[in-house]
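Read the numbers this way: they start at 1 and go in the same order the structure lists the ligands and their atoms.
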Amino acid sequence: MAAIENGTKEAAAAAEKDHRKAFGLAAKDTSGVLAPFTFSRRNNGDDDVTIKILYCGICHSDLHCIKNEWKNAVYPVVPGHEIVGLVTETGRNVTKFKVGDRAAVGCLVGSCRSCDSCVRNLENYCPKLVFTYNSLDADGTVTYGGYSDWIVVNEHFVVKFPENLAMDKGAPLLCAGITVYSPMKNFGLDGPGKHLGVVGLGGLGHVAVKFGKAFGMKVTVISSSPKKKEEAIERLGADAYIVSSDAGQMQAAMGTMDGIINTVSAKHDVVPLIFLLKTQGKIIMLGAPEHPLELPVFPLIGGGKILAGSCIGGMKETQEMIDFAAEHNITADIELIGADYVNEAIERLEKADVRYRFVIDVGNTWTAV
Ligand SMILES: NC(=O)c1ccc[n+]([C@@H]2O[C@H](COP(=O)([O-])OP(=O)(O)OC[C@H]3O[C@@H](n4cnc5c(N)ncnc54)[C@H](O)[C@@H]3O)[C@@H](O)[C@H]2O)c1
Ligand SMILES: [Zn+2]
Ligand SMILES: [Zn+2]
């Protein structure tokens with residue numbers, strides 16, 4: 001008996017040696033309330049980079065997940081996949097980073113690296129992809145995200161964060177940025193002379209406006225209320241603004257758009273949006289509402305419209321996006337908050353009361369190892 005106990009203790013001690021303590025905020029149940037949480041992460045492996053987290057954005061996906069709206073939460077959930085920080089340790093095979101470098105982590109921390117998607121640099125569509133949090137890692141543990149003091153990630157899934165990009169305002173690019181950039185590139189919505197519609201002016205939407213303008217497109221925001229009109233045009237640089245509940249405005253814009261980036265996070269009617277497209281125009285679904293949308297096919301068939309989905313982006317494209325953002329001075333408009341304000345921030349995000357992304361000032365809240 002004593003031998004078994006000793007064996008168990010030894011095994012526990014050995015396991016403990018492979019891990020280090022981390023500290024963060026976790027949701028423990030569907031209330032989604034985040035509370036202090038101590039946990040462990042693996043030691044830095046040969047291919048890994050350890051990052052002291054300085055900033056982490058709050059994405060609406062974090063809210064969907066901690067409240068179990070997608071019915072897949074594995075509590076406790078430490079959310080956060082818009083992570084920027086500094087490298088504190090590198091494994092012996094690491095070539096991209098050295099200690100002290102700026103580094104960033106988005107929604108992915110693992111994939112098989114050999115399937116058709118991975119070979120095409122589309123790790124984001126790998127059947128074995130590992131999300132940054134609430135996902136099963138290769139070693140069988142559940143991943144914990146960036147509302148925490150440090151993280152260890154295989155260098156393939158770590159992005160070099162440009163020196164001339166603000167770390168706090170740049171953090172949201174790791175999810176919001178790549179999620180809108182990737183479909184714009186892949187569906188040909190990235191050139192002058194094109195007309196882009198952006199639906200939902202939140203974290204994703206406001207960054208889509210900025211990329212659209214950097215690509216030289218005409219950008220129209222379609223919003224459910226007139227509240228954000230002035231700032232959409234004057235601050236974000238949109239060319240036009242349509243209030244979706246105004247039938248006259250929607251009618252006047254019918255058949256004018258080459259593409260629409262749809263970021264709406266709740267159930268809504270897509271048919272009026274499809275009518276805004278030109279013949280063979282494309283509507284890209286990015287928002288991930290809890291409840292299914294209705295999709296009558298006739299508005300799609302008439303005019304040969306294309307409805308597609310897109311999920312974040314691959315690692316090569318994420319690096320390309322962040323380098324493009326640095327070159328064109330694209331960052332998110334943020335409200336920087338301390339970790340003690342996160343629960344209030346989540347409540348405000350649910351009410352769409354944020355201009356336009358909350359970012360947690362992790363570095364000034366917790367001291368990493
Ligand atoms: N596809 C992906 O890879 C991906 C990546 C990140 C986020 N997302 C999803 O995209 C959505 C948006 O994320 P975000 O972080 O930009 O959220 P956000 O809350 O910052 O923005 C959502 C916007 O949708 C608007 N909205 C909400 N309900 C609406 C309704 N019924 N009609 C019209 N507008 C409405 C809000 O006013 C807000 O402007 C979320 O569902 C999120 O989970 C998807
Ligand atoms: Zn996200
Ligand atoms: Zn794969």
Chemist: May I ask you to check whether C311 has an N/O atom sitting below 3.5 Å from an N/O atom of ligand 1?
Modeler: no
Chemist: Need the ligand 1 atom indices (1-based, order shown) with element for anything under 4.0 Å from a heavy-atom of L349.
Modeler: 19 (O), 20 (O)
Chemist: Should M321 and L122 be counted in the same cluster of Ile, Leu, Val, Met, Phe, Trp and Tyr side chains packed under 4.5 Å apart?
Modeler: no
Chemist: Evaluate ring pair (Phe, Tyr, Trp, His ring centres under 6.0 Å) for F39 paired with Y144, printing each intermediate quantity in order.
Modeler: CA-CA 9 Å; F39 57 103; Y144 293 126; 4.7 Å; yes
Chemist: Atoms of ligand 1 less than 4.0 Å from V264 heavy atoms?
Modeler: 24 (O), 26 (N), 28 (N), 29 (C), 30 (C), 32 (N), 33 (C), 34 (N), 35 (C)
Chemist: Backbone or side chain, does any N or O of Y356 fall under 3.5 Å from an N or O of ligand 1?
Modeler: no
Chemist: Is E350 near ligand 1, meaning one of its heavy atoms is under 4.0 Å from it?
Modeler: no
Chemist: Which atoms from ligand 1 have a heavy atom of I312 less than 4.0 Å away?
Modeler: 2 (C), 3 (O)
Chemist: Return the residue, atom name and 0.1 Å-rounded distance of the protein heavy atom closest to atom 2 (C) of ligand 1.
Modeler: T179 CG2, 3.4 Å
Chemist: Please check this pair: side chain of K52 against backbone of V87, looking for a donor-acceptor N/O pair closer than 3.5 Å.
Modeler: no
Chemist: Hey, is K228 touching ligand 1 through its side chain, its backbone, both or neither, going by heavy atoms under 4.0 Å?
Modeler: side chain
Chemist: For atom 22 (C) of ligand 1, grab the closest protein heavy atom and report residue, atom and distance to one decimal in Å.
Modeler: S265 OG, 3.8 Å
Chemist: Angle between ring planes, F215 versus Y181, binned at 30° and 60°: parallel, tilted or perpendicular?
Modeler: tilted
Chemist: Which heavy-atom pair separates Y125 from C311 by the least distance, and what is that distance?
Modeler: OH-N, 2.9 Å
Chemist: Same hydrophobic cluster for V243 and I260, using side-chain heavy-atom links shorter than 4.5 Å among ILVMFWY?
Modeler: no
Chemist: Is it true that Y133 and Y147 have ring centroids separated by less than 6.0 Å?
Modeler: no
Chemist: Run the numbers for me: atoms of ligand 1, each under 4.0 Å from some heavy atom of C175, listed by number.
Modeler: 5 (C), 6 (C)
Chemist: Looking only at distances, can you tell me whether any N or O atom of S310, backbone or side chain, sits closer than 3.5 Å to an N or O atom of ligand 1?
Modeler: yes
Chemist: Give the numbers and elements of all ligand 1 atoms closer than 4.0 Å to a heavy atom of R357.
Modeler: 14 (P), 15 (O)
Chemist: Taking H195 for the side chain and T256 for the main chain, is one N or O donor matched with an acceptor at less than 3.5 Å?
Modeler: yes
Chemist: Hey, which protein N/O/S atoms does the Zn ion (ligand 2) have under 2.8 Å?
Modeler: C59 SG, H81 NE2, C175 SG
Chemist: Donor-acceptor check, side chain of D137 to backbone of G140, threshold 3.5 angstrom: yes or no?
Modeler: no
Chemist: Test: ring-ring contact (aromatic ring centres under 6.0 Å, His included). Region: residues 242-261. Which pairs qualify, not counting sequence neighbours?
Modeler: none
Chemist: Would you find a donor on one side and an acceptor on the other, under 3.5 Å apart, between the side chain of N68 and the backbone of A73?
Modeler: yes
Chemist: Is it the case that the side chain of T143 and the backbone of F131 share a donor-acceptor pair, with hydrogens and angles ignored and the cut-off at 3.5 Å?
Modeler: yes
Chemist: Are more than 12 heavy atoms from other residues, nucleotides or ligands located less than 6.0 Å from atom NZ of K28?
Modeler: yes
Chemist: Provide, to 0.1 Å, the distance between atom 12 (C) of ligand 1 and the closest protein heavy atom, together with that atom's residue and name.
Modeler: T263 O, 3.1 Å
Chemist: Using a 4.0 Å cutoff against the non-hydrogen atoms of G287, which atoms of ligand 1 qualify?
Modeler: 9 (C), 10 (O), 11 (C), 41 (O)
Chemist: Which protein non-hydrogen atom lies closest to atom 40 (C) of ligand 1, naming both residue and atom, and how far is it?
Modeler: H64 NE2, 3.5 Å
Chemist: Which residue and atom name correspond to the protein heavy atom nearest atom 9 (C) of ligand 1, and how close is it?
Modeler: L286 O, 3.6 Å
Chemist: Pick one of side chain, backbone, both or neither for how A352 approaches ligand 1, counting any non-hydrogen atom pair under 4.0 Å.
Modeler: side chain
Chemist: Establish whether V198 and M254 are linked, either directly or via other cluster members, by ILVMFWY side-chain heavy-atom contacts under 4.5 Å.
Modeler: no
Chemist: With a heavy-atom distance limit of 4.0 Å, tell me whether L204 approaches ligand 1 through its side chain, its backbone, both, or neither.
Modeler: both
Chemist: How close does the nearest protein non-hydrogen atom get to atom 7 (C) of ligand 1, and which residue and atom is it?
Modeler: S61 OG, 3.3 Å
Chemist: I'd like to check whether W70 has a polar contact with ligand 1, where a contact means an N/O of the residue lying under 3.5 Å from an N/O of the ligand.
Modeler: no
Chemist: Would you mind listing which atoms of ligand 1 come within a distance below 4.0 Å of any non-hydrogen atom of A266?
Modeler: 28 (N)
Chemist: Please work out which of the three classes, parallel, tilted or perpendicular, describes the rings of H64 and H60, given edges at 30° and 60°.
Modeler: tilted
Chemist: Below 4.0 Å from any atom of ligand 1, is there a heavy atom belonging to F358?
Modeler: no
Chemist: By number and element, which atoms of ligand 1 are closer than 4.0 Å to a non-hydrogen atom of K267?
Modeler: 31 (N)
Chemist: Taking G110's backbone N and O only, do any of them form a donor-acceptor pair with E123's side chain (distance below 3.5 Å, no angle check)?
Modeler: no
Chemist: Check contact between M285 and ligand 1, using heavy atoms of the residue and a distance below 4.0 angstrom.
Modeler: no
Chemist: Considering only protein heavy atoms, which is closest to atom 14 (P) of ligand 1, and at what distance to one decimal place?
Modeler: H60 CB, 3.6 Å
Chemist: Specify the protein heavy atom at minimum distance from atom 20 (O) of ligand 1: its residue, its atom name, and the distance to 0.1 Å.
Modeler: G203 N, 2.8 Å
Chemist: Is it true that the NZ or CZ of K160 lies under 6.0 Å from the centre of F97's six-membered ring and within 45 degrees of the ring axis?
Modeler: yes
Chemist: Counting only nitrogen or oxygen atoms and a 3.5 angstrom limit, does G202 reach ligand 1?
Modeler: yes
Chemist: Yes or no: does A176 have any heavy atom under 4.0 Å from an atom of ligand 1?
Modeler: no
Chemist: What is the SG(C118)-the Zn ion (ligand 3)-SG(C112) angle, to the nearest 10 degrees?
Modeler: 110°
Chemist: Determine, using the 4.5 Å side-chain heavy-atom cutoff (strictly less than), whether V33 and V77 are members of one ILVMFWY cluster.
Modeler: no
Chemist: Show your reasoning for whether side chain to side chain contact (heavy atoms under 4.5 Å, CB included) applies to K305 and K282.
Modeler: CA-CA 6 Å; K305 312 283 170 59; K282 301 159 188 170; over 6 Å; no
Chemist: Measure from the side-chain N and O atoms of T263 to the backbone N and O of V199, and report whether any donor-acceptor pair falls under 3.5 Å.
Modeler: yes
Chemist: Check for me, please, whether L277 and I284 land in the same ILVMFWY cluster - side-chain distances under 4.5 Å, paths through other members count.
Modeler: no
Chemist: N/O to N/O below 3.5 Å, does that happen between C59 and ligand 1?
Modeler: no
